[in-house]
Amino acid sequence: MPNPRRVRRRAFGVGGAIIAVLCVGALAARVYLLPASLAEIAPATPLDEQESSLLRMANAARARAGLTPLKLSRRLLAAAKFHSADMAARGYLGHDGPGGDTPADRVRRAGMNYQEIAENLYSDGCADAAGDAGAANPSARALAAWMANPARRANLLSTRFRATAVAISRAPDGACYVTQDFIR
């Protein structure tokens, strides 16, 4: 006669194996169904002139506060560029995308592990009052808005963060969408 205890253990063992296989399958399906790797979005030249300007200005603000500069992360840049481009294409401003993706989701898809993440966003028209897009400086306006907001300023001037990425995308209507991600 079989030992009831052994039968229960075997049943739990088989059930546990089935659950493990289903979890691995679900994870594989999720990875397969994700959009192309965010790392493919990051260009060979990581930052354009306005993005470089924003990074310099952000680090200058940190220096004035007696803090070390943030280092540019190419992988984090992929996540920031993806989010700015998505906001510009879909016309929204928010940390979570319309599909429910969060800053943490985008950072993980870019292939990064992290202990802490923060994100600053900004949007306005890229053109000046006369309609001259070349005369506008969304970098300076974004930084000024972030420094005026206590939560955004705290992200920018946090001693916890070591790496950052900035991305600026223009929407068809001329609006600029700016993302700055921070990570440690």
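Comment: D181 does not engage R106 in a salt bridge, judged by the lack of any side-chain N to carboxylate O separation of less than 4.0 angstrom.
The side-chain heavy atoms of L72 and L55, taken from C-beta on, include a pair separated by under 4.5 Å. Contact check for V178 versus V166: no side-chain heavy atoms found under the 4.5 Å cut-off. Residues E51 and K81 meet the side-chain proximity criterion, which asks for heavy atoms closer than 4.5 Å. Annotation: side chain of N59 is not in contact with side chain of L67 (no heavy-atom distance under 4.5 Å). With a 4.5 Å cut-off on side-chain heavy atoms, H95 and T102 do not count as touching.
The two residues A163 and L70 make their nearest non-hydrogen contact at N-CD2, 4.1 Å. Looking at every heavy atom in both residues, A65 comes nearest to L157 through CB-CD2, 4.2 Å.
Looking at W146, its side chain does come within 3.5 Å of a backbone N or O of L121 through a donor-acceptor pair. For S123 (side chain) and L93 (main-chain N/O), no donor-acceptor pair under 3.5 Å exists by modelled atom type. Side chain of S53 to main chain of E49: no donor-acceptor pair is present (N/O by atom type, distance under 3.5 Å, no hydrogens or angles). In this structure a side-chain-to-backbone donor-acceptor pair under 3.5 Å is missing from R62 to P69. Side-chain atoms of R170 never come within 3.5 Å of backbone atoms of C176 as a donor-acceptor pair (strictly under, hydrogens ignored). At distances below 3.5 Å, not a single donor-acceptor pair connects side-chain atoms of H83 with backbone N or O atoms of D96.
With sequence neighbours excluded, the residues satisfying ring pair (Phe, Tyr, Trp, His ring centres under 6.0 Å) with F182 are F161.
Residues S158 and N155 have side chains that never bring a donor and an acceptor to within less than 3.5 angstrom of each other. Side-chain contact of D86 with Y177: a donor-acceptor pair under 3.5 Å is absent, judged by distance alone. Between Y122 and N120, the side chains place no donor N or O within less than 3.5 Å of an acceptor N or O (distance only, hydrogens not considered). Looking at S84 and S169, their side chains never bring a donor and an acceptor atom within 3.5 Å of each other. In summary, the side chains of E119 and T179 do not present any donor paired with an acceptor at a separation below 3.5 Å, with no hydrogens or angles considered.
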- Please assess T164 against I183 for the test side-chain contact (heavy atoms from CB on, under 4.5 Å), listing each intermediate value before the final yes or no. CA-CA 6 Å; T164 191; I183 199 166; over 6 Å; no
Evaluate the criterion side-chain contact (heavy atoms from CB on, under 4.5 Å) for residue pair I117 and R184; output intermediate values, then yes/no. CA-CA 7 Å; I117 184 172; R184 78 171 169 108; over 6 Å; no
Can you check side-chain contact (heavy atoms from CB on, under 4.5 Å) on L47 and L77, steps first, answer last? CA-CA 9 Å; L47 301 175; L77 180 61; 3.7 Å; yes
(Q) Determine whether S73 and M112 satisfy the following criterion, side-chain contact (heavy atoms from CB on, under 4.5 Å), listing intermediate values before the conclusion. (A) CA-CA 10 Å; S73 166; M112 296 187 77; 3.6 Å; yes
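Considering CD of Q50 and CE of M57, their distance stands at 9.0 Å, rounded to 0.5 Å. One finds the CG atom of L54 at 5.5 Å from the CD atom of Q180 (value rounded to the nearest 0.5 Å).
The neighbour count for N113 CG, taken as heavy atoms of other residues, nucleotides or ligands under 6.0 Å away, does not exceed 12.
M87 and I168 sit in two unconnected hydrophobic clusters of ILVMFWY residues. Membership requires side-chain heavy atoms under 4.5 Å apart, directly or through other members.
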